[in-house]
Amino acid sequence: MRWRIFWRALAPPKKRNNMMLRKTALAACVLIALSGPNMRAQNLPRTADGQPDLQGIWSNATITPLERPADLAGKPTFTPEEAAAYEKQVAERSNVDHRSANAEADVASAYNQFWYDRGTKAVGTRRTSLIVDPPDGRIPALTPDAQKRVQDTRAWMQEHATDGPEGRSLGERCILWATAGPPMMPGPYNNNFQILQSHDRVVILNEMIHNARIIPLDGSPHVASNIRQWMGDSRGHWDGNTLVVDTTNFSDEYSFRGSDRNLHLTERFTRTSPDTLLYQFTVDDPTAFTKPWTAQIAVTRTKGPIFEYACHEGNYAMTDILAGARAAEKKAAK
Amino acid sequence: MPKQFRAFLLNAIVAILCVGAIPIFAQNQPYKAPRAADGKPNLNGIWQAMNTANWDLEGHSAQAGQVVALGATGAEPPGIGVVEGGEIPYLPAAAQKKKENYANRLKLDPEVKCYLPGVPRAAYMPYPFQIVQTGKVILISYEYDGAVRTIYMDNPGPAPVDSWMGWSAGHWDGDTLVVDVTGFNDQSWFDRAGDFHSDMLHVVERYTPVSANVLNYEATIEDPQVFSRPWKISMPLYKHLEKNAQLLEFKCVEFVEELMYGHLRKQPSK
Amino acid sequence: MPVRCSASLGTIAAFVCLTPVYLPGQGLPIPAKAAKAPTSAPKNWTPPRTPDGQPDLQGVWSNSTLTPLERPAELAGKEYLTEQEAADYVQHLLQQVNTDRRDGGASVDVGRSYNEFWRDRGNNLVADRRSSLIVDPPDGRIPSLTPGAQKRLDENRAWMREHATDGPEGRSLAERCLSWTTAGPPMLPGPYNNDMQIVQGPGNVVILNEMIHDARVIPLDGRPHAEQNIRGWLGDSRGHWDGNTLVVDTTNFIGEYSFRGSDANMHLTERFTRVSPDVFQYEFTVDDPTAFTKPWTARIPFNKTSERVYEYACHEGNYAMADILAGARSAEKKK
Amino acid sequence: MRSYLAMAIAAAGLLVSAAPVWAHHAFAAEFDSSKPIKLEGTVTKMEWINPHAWIHIDVKNPDGTVTSWMVEGGSPNTLLRNGFTKASLPPGTEIVVDGYQSKDESNKMNGRDITFPDGRKLFVGSAGQGSPPPDGKSDK
């Protein structure tokens, strides 16, 4: 039970790596924004309270991967021509409407392209990774302890993959969505979130999986350290025109790319134009990572509304997966 | 300076000072509760805490319940905690016992067996209670298990015997009802998390009206056998405003008979 | 689950009159006690008032008395006793229920349970020497049950006998610490802990019975009874003032509760009238057309006491329930 | 002069006295009238609890070993009203209990009679608190 970690979804065994890459990292967006000049501070829309207005429905869909792919090592940005070529290549590679000759690959593609909403563009800065620090665009190495923990967890998950619900990923269990965070990452579909502001609260409502974070801006301290939550405990403040959100108190069972309960996540939201936000997050967890790391994602305004994503309520898949495993066992026993 | 003008100036200064002072004065003035017939603050009414202190006085995350069949209805709701300073200052041996209590809470929590809740737990059980106030006694009737306490406003002397709900002596400190409670047995718990006490428990409760429908409730807890120092919990209590609000019966004894005596039930002959 | 039995119907007849005994000799030292207040009412006495102007019934009161609820058969036709008759009767009763007696054989002896010093029955009849607490009907007896109620009662009794030690449901409501026969409502005298406290708040009256820490908070604000499907062991009480008399109407009794054969339709009316500094008259009327062939009324004086009401945590210390069932299981094993 | 009534009720008396005495529970259900038992022992503690008080005693056996017994009494509230407190029966007090063993044959019994070794009753109080005085007129 202790190993209820969703590592499997995020850093799955090698064999599934390509598929995952296709599904999650090949995101894109209808992005126009960051190509234009940033808004001047005085032109920023303001709420009635005078705070920078971040409200609206936003999408972080992009095809730019979190980490810089090995074949782009040493190349932090594309030229415009390279970016266009990359977008084309990704679009072809990720088109699941192509039926693969290999049945296993075919079943992994799951269903038609029209179910997806990955975006088709690289981020406007033409960066080759969302990670901006360290400069190599890669997640820093895990500490030896964290490495061991991650390996143990992975091994446990592999061994118990269909023994019970605990062997499935948190996403499959409808407990937490890998890309809904915090931090929020682009995913293959439903990359939408809504921001609402009152005078001392900001709400971030993520469509996946109907998670709403209500973030106090009133200077109140974090909750007691023994209160642990899947989404942690967030406190916000304004740094000029930037909303800064600090999140701690993550559940022991939550792990973002190898993080542990000591994760201190800092998110920064800056309105850069009427239709764009710059979203930046820094992961600081000295017991898990050898150094902090930071990613940036351009977020664009999108059409609402946010629809209900009642994950658990319709989760026939969990029953099917476990029932399938039991049926296989019965057959093997004969 | 003409006399009249001087008088005018003086009046003007006084007026300005007063006008300026009013809002400040109003802000600092503590809430003055409405009075009962005897001139004391009126605490009469049906009250209830709105928190999860009964699950755990300390801050706590949500977690699965102890009974699989109950699913989400039996799960434990989270809470930010009501203990001042965050942690209950247990002595080392007592901290160990609390851990054991917690591990065996389904078996050991007196609430599971429908036992009387004790004090202060009665105040933050997830059930309403009613204060009925008179000059000589203040009675508190709790919906949970029909528990009841009489608070003697004339000093009742020492408790003759130990009891679940203790022996309550009250007095007024300004608008605050202060209740000194002693004479406890060592059977009740403070919450479902196994927080406990010995028969040396001494509780001082403070009920302070802070607005028309809110009492601030504080309890200072002292027990030299269990805690390294006195500690305090505090929370608001809210008034029930429903039309015709009343306590109903929650006589839970009948609901626990199978749990407590089922193993002694006659087995059907085979 | 099968029928639950009504409140101690099987054993109720037995405690009609139980008594204290003053024992010579010395036991453990007793601290000094407060002197009792005088009890006779001054002439032209006006009841005191609470600060908000209601007749003041507050305090701790006891209804201990040896007078039986129903007139015993041997006193038929004799509504009042003479002083001599009353003295003889008291003496007889005291001897009869004296639990310090050891005669009569082991099965009687075990039933007497323990020494008299645990009890507090009162040692007198009601002051007017009426021979029953029931004042109406005039024969001082509970009216007969309707055929339907009689059948129900017989069935319950038979079920209780048959399943006496099968599980907790075979025991009386008092043994289960669910409802105390004498705590009511209505309130009757019993062998011990006959104390109750009245507290009057604005718009309500609380009747706190020591047995078994039952507190009734009774609204006086004219609101209607709780809806019909809300049922309780203590029913649902509403009060109002009729001159200097507090009148309390109680309905909504739970189906498992039965007062001397009553059912869920019982309408109980209690009247509290302060008649002197130290006495209030308590009168109750049982009206339940599906159970009794006519309504009936009893009257019991409550006397002021300087004592306090103590906690009676019945269920918490109820070793007896486990012992009774364990005894039955052990007897089965032996067979 | 005895009244005619006294004669009548005396005749009825035997019948009535055989009926069980009402209390919290039926004693014959818990205790076995065929197992009378009389013990002298040392109080180790008294549980001042309802519905019945329980006195714990240690009884020395002839071979020098000690057996612990639990002895059931009545509601302690009556004793409280008579001025006793939880300090009234200190551990170490020698008492004699005469009663019946419980039906489950554990070391429990009802304290039918509880006395000091010299025969004095353990608790003696003034019963009848709150009952109307013989000459009370208040009922009229």
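All heavy atoms count here, side chains included; hydrogens, waters and symmetry mates do not. Note that this is a predicted model, so its numbers are computed, not measured. Note on naming: letters A, B, ... go to the chains in the order of the sequence lines (proteins, then strands), and numbering restarts at 1 for each one.
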Exercise for the section: Check side-chain hydrogen bond (donor to acceptor under 3.5 Å, both in side chains) between His197(B) and all other residues, then give those that pass, not counting sequence neighbours. Expected result: Ser188(B)
Exercise for the section: With a 4.5 angstrom heavy-atom cut-off, could you sort out which part of Tyr152(B) is near chain C: side chain, backbone, both or neither? Expected result: side chain
Exercise for the section: Output the residues of residues 198-207 of chain C for which the shortest heavy-atom distance to chain B is under 4.5 Å, in residue-number order; output 'none' if no such residue exists. Expected result: Val199(C), Gln200(C), Gly201(C), Pro202(C), Asn204(C), Val206(C)
Practice task
Output the option from Ser141(B), Cys114(B), Ala36(B), Pro110(B) having the highest count of non-hydrogen pairs under 4.5 Å with chain C.
Solution key: Cys114(B)
Exercise for the section: Under 4.5 Å heavy-atom distance to chain C, tell me which part of Pro160(B) shows up: side chain, backbone, both or neither. Expected result: side chain
Practice task
Below 4.5 Å from any heavy atom of chain C, which atoms of Val161(B) appear? Answer side chain, backbone, both or neither.
Solution key: neither
Handout entry: Spacing of CD belonging to Glu254(B) relative to CD belonging to Glu256(C), to within rounding of 0.5 Å
Key = 6.0 Å
Practice task
Please confirm whether the backbone N or O of Leu116(B) pairs with a side-chain atom of Glu316(C), one donor and one acceptor, at under 3.5 Å?
Solution key: yes
Handout entry: Proximal component of Gln130(B), with respect to chain C [non-hydrogen, under 4.5 Å]
Key = side chain
Practice task
Check whether any side-chain heavy atom of Met321(C) sits under 4.5 Å from a side-chain heavy atom of Met260(B), and report yes or no.
Solution key: no
Exercise for the section: Taking all heavy atoms of Pro224(C) and all of Asn244(B), pick out the closest pair and write down the distance. Expected result: CD-ND2, 3.8 Å
Handout entry: Minimal non-hydrogen separation, Val148(B) against Ala215(C), with atom names
Key = CG2-CB, 4.0 Å
Practice task
Heavy atoms only, distances under 4.5 angstrom: which of Arg308(C), Gln58(C), His213(C) has the most pairs with chain B? Name it, please.
Solution key: Arg308(C)
Fill in the blank from the handout: Scanning both residues in full, the closest heavy-atom pair of Tyr261(B) with Leu325(C) reads CB-CD1, 3.8 Å
Practice task
Could you have a look at Ala322(C), Pro168(C), Gly167(C) and say which one has the most heavy-atom pairs with chain B under 4.5 angstrom?
Solution key: Pro168(C)
Completion exercise
In terms of heavy-atom contacts, Glu257(B) and Glu169(C) come closest through OE1-OE2, 4.5 Å
Problem - Pair Asp236(C), Gln246(B): side-chain N/O donor-acceptor within cut-off below 3.5 Å - result: yes
Fill in the blank from the handout: Checked Asp38(B), Asp145(B), Ile138(B) vs chain C; the most non-hydrogen pairs under 4.5 Å come from Asp145(B)
Handout entry: Candidate pair Thr150(B) and Val309(C), rule side-chain contact (heavy atoms from CB on, under 4.5 Å), full reasoning
Key = CA-CA 9 Å; Thr150(B) 303; Val309(C) 167; 5.7 Å; no
Exercise for the section: Please confirm whether the backbone N or O of Ala245(B) pairs with a side-chain atom of Arg223(C), one donor and one acceptor, at under 3.5 Å? Expected result: yes
Practice task
Side chain from CB out, backbone as N, CA, C, O: work out which of these in Leu178(C) comes under 4.5 Å of a heavy atom of chain B, or both, or neither.
Solution key: both
Exercise for the section: Check whether Ser163(B) gets within reach of chain C through its side chain, its backbone, both or neither, counting any heavy atom under 4.5 Å. Expected result: both
Exercise for the section: Side-chain contact test, heavy atoms from C-beta onward, threshold under 4.5 Å: evaluate it for Gln197(C) versus Val137(B) and give yes or no. Expected result: yes
Handout entry: Leu234(C), part contacting chain B, at a heavy-atom distance under 4.5 Å
Key = both
Practice task
Go through the atoms of Asp214(C) and report whether side chain, backbone, both or neither lie under 4.5 Å from a heavy atom of chain B.
Solution key: side chain
Practice task
Supply the atom-to-atom distance Arg231(C) CZ to Leu248(B) CG, rounded to the nearest 0.5 angstrom.
Solution key: 13.0 Å
Practice task
Give, for atom CG of Asp166(C) and atom CD of Gln267(B), the distance between the pair rounded to the nearest 0.5 Å.
Solution key: 10.5 Å
